[in-house]
Amino acid sequence: MEFFKEIKRIQYEGSATQKPLAFRFYNPDEMIAGKTMREQLRFAMSYWHTMCAEGSDMFGVGTIDKRYGTSDPMQQAKNKAYAAFELMDKLGIDYFCFHDRDIAPEGETLAESNARLDEITALLKELMAEHNKKLLWGTANCFGNKRYMHGAGTAPNADVFAFAAAQIKKAIEITVALGGEGYVFWGGREGYETLLNTDMALEQDNMARLMHLAVDYARSIGFTGDFYIEPKPKEPTKHQYDFDASTVLAFLRKYGLDKDFKLNIEANHATLAGHTFQHELCVARTNGAFGSIDANQGDMLLGWDTDQFPTNVYETAMCMYEVLRAGGFTKGGLNFDAKTRRGSNTPEDIFLSYIAGMDAFALGLRMADRIIRDGRIDAFITDRYASYRTGIGKKIVDGSATMEGLEAYALAMGDVTTNTSGKQEYLENVLNGILFGMGGA
Ligand code: XLS
Ligand code: CA
Ligand code: CA
């Protein structure tokens, strides 16, 4: 059965095309910065938004029909899988990501839910082989069901912890069965609403206990992929424990989890935390924890997680600049954790949105490569810190400086006499020149 009959395979047609259903900038086999665009970008489809979300919000019902021709839950899960692979084929997307409950509906009991997962996992395995698709990462939805109203790994009730552990165990097993390259922990409801009822220390210790158990189990069944934590500061809880990249790094180091975990950075979560997307990626990269990306964007005028398809090329350019600086993706990729607006409610809108997002990241990659080849920005940064390569600066960096020595140096100097301009406006214009200059670098 074909679900998106009116859509043909999307082709690269170049920036001059006016055809809506075509790529303008994403040319999969073109080499950029030493790899094909397809290898650099490693695009993934998010099962939850793309196959499941129907456009409902807290003010209104769904606007998008995602029934896939049936009301029978298991048949619907199967049709959803067929539709997912048709969609990935037509967009030329190689990877996908899912939560356990996206691919198979939860049953009355854990045993029934697991049996349903086994049935759909077998189907996904066949479809992956047939369509040559891969699983970027899997995860468990430990936030949607009402049992998780006070959290999962951080719940005050040990029975809830146990249930979450069982659910995560199964999600890891199906991720391994499908050859998943990563496994994500997003905090879901791991946070709190008020400290009047919260033992913060025990909650965080327990979360770390759950992660250690999960890592040990996954390694014992042959999982060689990366674990990721996905930082998010607020929503659904008022304060999420995985607030931002720095907070997560401190948590991972405190509990000895930093060898197994990297970060999955989402653009919209970065801005909710009061950071730029690039800031969060830079924190991950400079701490050796860069892993994967949830590609989307938020709306700066709204205080919530809108998960929009990314179209802001400044953002995608600086994102891909960080990715190239990190040496590119290894096991991670660009997962479109993004949904069409509630008013963009046709199947065609899903394709137009993915095309917009893929083109924006293709442009971002092209621009990041230009920024690096142009070299002015990198050279400026290198030059700005030149004083640390000789004299007193070299001693500070190599560890031979002492407080007494620094004092003697400062006393002899009397006061600081040179402080060079940071030239922010000049650099911003250099960036515009690289991004929009005719001919390019
Ligand atoms: C929600 C998160 C979630 C994770 C995976 O805000 O973005 O979708 O990516 O659980
Ligand atoms: Ca996400
Ligand atoms: Ca989000």
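FYI, side chains are in, hydrogens and waters are out, and symmetry mates aren't considered; it's all heavy atoms of this structure.
- Within the 4.5 Å cutoff, no side-chain heavy atoms of Glu348 are placed close to those of Glu6.
- Atoms CG and CG, on Asp374 and Asp369 in that order, are 11.0 Å from each other to the nearest 0.5 Å.
- Taking a 6.0 Å sphere around CE of Met149, one finds it holds 12 or fewer heavy atoms contributed by other residues, nucleotides or ligands.
- Closest of all the heavy-atom pairs between Pro310 and Phe336 is CG-CE2, 3.8 Å.
- Side-chain polar atoms of Asn296 and Asp307 form a donor-acceptor pair below 3.5 angstrom.
- Between Asp226 and Glu181, the closest side-chain pair of non-hydrogen atoms is not below 4.5 Å.
- In this structure, CG on Leu435 lies 7.5 Å from CZ on Arg370, to the nearest 0.5 angstrom.
- Residues Leu123 and Ala81 approach most closely at CD2-CB, 4.0 Å, considering heavy atoms.
- The structure places CZ of Phe43 at 10.5 Å from CG of Leu91, a figure rounded to the nearest 0.5 Å.
- Classification of the His99-Trp48 ring pair by plane angle, with boundaries at 30° and 60°, yields perpendicular.
- Proximity of a side-chain donor or acceptor of Gln308 to a complementary backbone N or O of Gln297 within less than 3.5 Å is not detected.
- In terms of heavy atoms, Ala22 sits closest to Ile355 at O-CG2, 3.3 Å.
- To the nearest 0.5 Å, the span separating CD on Glu235 from CG on Leu272 amounts to 6.5 Å.
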Show your reasoning for whether side-chain contact (heavy atoms from CB on, under 4.5 Å) applies to Arg366 and Asn27.
CA-CA 11 Å; Arg366 292 176 187 277; Asn27 187 12; 3.9 Å; yes
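- Under the 3.5 Å distance criterion, the side-chain polar atoms of Arg42 are left unmatched by any main-chain donor or acceptor of Phe329.
- Gln76 places a side-chain N or O within donor-acceptor distance of the main-chain N or O of Arg67, the cut-off being under 3.5 Å.
- Within the 3.5 Å criterion, the main-chain N or O of Met51 finds a donor-acceptor partner in the side chain of Tyr68.
- Using modelled atom types, no side-chain atom of Thr237 and backbone atom of Glu193 make a donor-acceptor pair closer than 3.5 Å.
- A donor and an acceptor atom, one from each side chain of Asn79 and Gln75, are located under 3.5 Å apart.
- Put simply, the side chain of Leu281 does not reach to within 4.5 Å of the side chain of Met318, judged on heavy atoms.
- Remark: Lys331 NZ is packed, more than 12 non-hydrogen atoms of other residues, nucleotides or ligands lying under 6.0 Å away.
- Put simply, the side chain of Leu334 does not reach to within 4.5 Å of the side chain of Leu136, judged on heavy atoms.
- Glu190 places a side-chain N or O within 3.5 Å of a backbone atom of Gly153 that can act as its donor or acceptor partner.
- Side-chain contact between Asp89 and Phe4: absent, with no pair of heavy atoms (C-beta onward) separated by less than 4.5 Å.
- Using the six-membered ring where Trp is involved, Phe185 and Tyr183 have ring planes that are perpendicular, over 60° apart on the 30 and 60° scheme.
- Thr139 contributes a side-chain N or O that, together with a main-chain N or O of Val184, makes up a donor-acceptor pair within less than 3.5 Å.
- Under a cut-off of 6.0 angstrom, the local environment of NZ in Lys66 is crowded, with over 12 non-hydrogen atoms contributed by other residues, nucleotides or ligands.
- At a threshold of 4.5 Å between non-hydrogen side-chain atoms, the residues Asp349 and Arg341 do not count as touching.
- For the pair Val248/Glu280, no side-chain contact is recorded, criterion being any heavy-atom separation below 4.5 Å from C-beta on.
- Taking the six-membered ring wherever Trp is involved, the centroid distance between the rings of Phe96 and Phe85 falls below 6.0 Å.
- Side-chain contact, Thr36 with Glu39: a donor N or O sits under 3.5 Å from an acceptor N or O.
- Taking a 6.0 Å sphere around OH of Tyr388, one finds it holds 12 or fewer heavy atoms contributed by other residues, nucleotides or ligands.
- In this model, no donor atom of one side chain and acceptor atom of the other lie less than 3.5 Å apart for Asp72 and Thr70.
- Without hydrogens or angle criteria, Gln167 side chain to Asn141 main chain gives a donor-acceptor distance under 3.5 Å.
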Candidate pair Leu249 and Asp258, rule side-chain contact (heavy atoms from CB on, under 4.5 Å), full reasoning
CA-CA 7 Å; Leu249 286 169; Asp258 47 319; over 6 Å; no
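- Side chains of Thr276 and Gln278: no donor on one and acceptor on the other come within 3.5 Å.
- Looking only at distances, no side-chain donor or acceptor of Arg101 sits under 3.5 Å from a matching main-chain atom of Cys142.
- What you find for Ala140 and Ile168 is that their closest heavy atoms are CB-CG1, 4.0 Å.
- Across Pro105 and Met74, no two heavy atoms sit closer than the pair CD-SD, 3.9 Å.
- Partner of Met211 under the side chain to side chain contact (heavy atoms under 4.5 Å, CB included) criterion, chosen from Phe261, Phe227, Tyr255: Phe261.
- Taking CD from Glu322 and NE2 from His279, the interatomic distance works out to 10.5 Å, rounded to the nearest 0.5 Å.
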Give the intermediate values and the outcome of side-chain contact (heavy atoms from CB on, under 4.5 Å) for residues Glu86 and Met1.
CA-CA 10 Å; Glu86 182 189 332; Met1 190 173 2; over 6 Å; no
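- In plain terms, the two heavy atoms of Met45 and Ala84 that are nearest each other are CE-CB, 3.9 Å.
- In this structure, Asp100 does not pair ionically with Lys170, as no charged nitrogen and carboxylate oxygen lie closer than 4.0 Å.
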Quick one: do Asn335 and Glu266 satisfy side-chain contact (heavy atoms from CB on, under 4.5 Å)? Show the steps, please.
CA-CA 9 Å; Asn335 166 46; Glu266 181 180 313; over 6 Å; no
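- Using modelled atom types, no side-chain atom of Arg342 and backbone atom of Ser56 make a donor-acceptor pair closer than 3.5 Å.
- Side-chain polar atoms of Tyr192 and Glu203 form no donor-acceptor pair below 3.5 angstrom.
- Both the sub-6.0 Å distance and the 45° axial angle are satisfied by Arg147 relative to the ring of Phe163.
- Tested against Lys232, the residues Asp242, Asp337, Asp305 include a single salt bridge (charged side-chain N to carboxylate O under 4.0 Å, His left out) partner, Asp305.
- Taking OG1 of Thr154 as the reference point, atom CG of Leu210 lies at 9.5 Å (rounded to 0.5 Å).
- Judged by distance alone, the side chains of Asn432 and Tyr314 do bring a donor and an acceptor atom under 3.5 Å apart.
- Two rings, from Tyr354 and Phe309, have their centers less than 6.0 Å apart.
- For the pair Ser400/Lys395, a side-chain contact is recorded, criterion being any heavy-atom separation below 4.5 Å from C-beta on.
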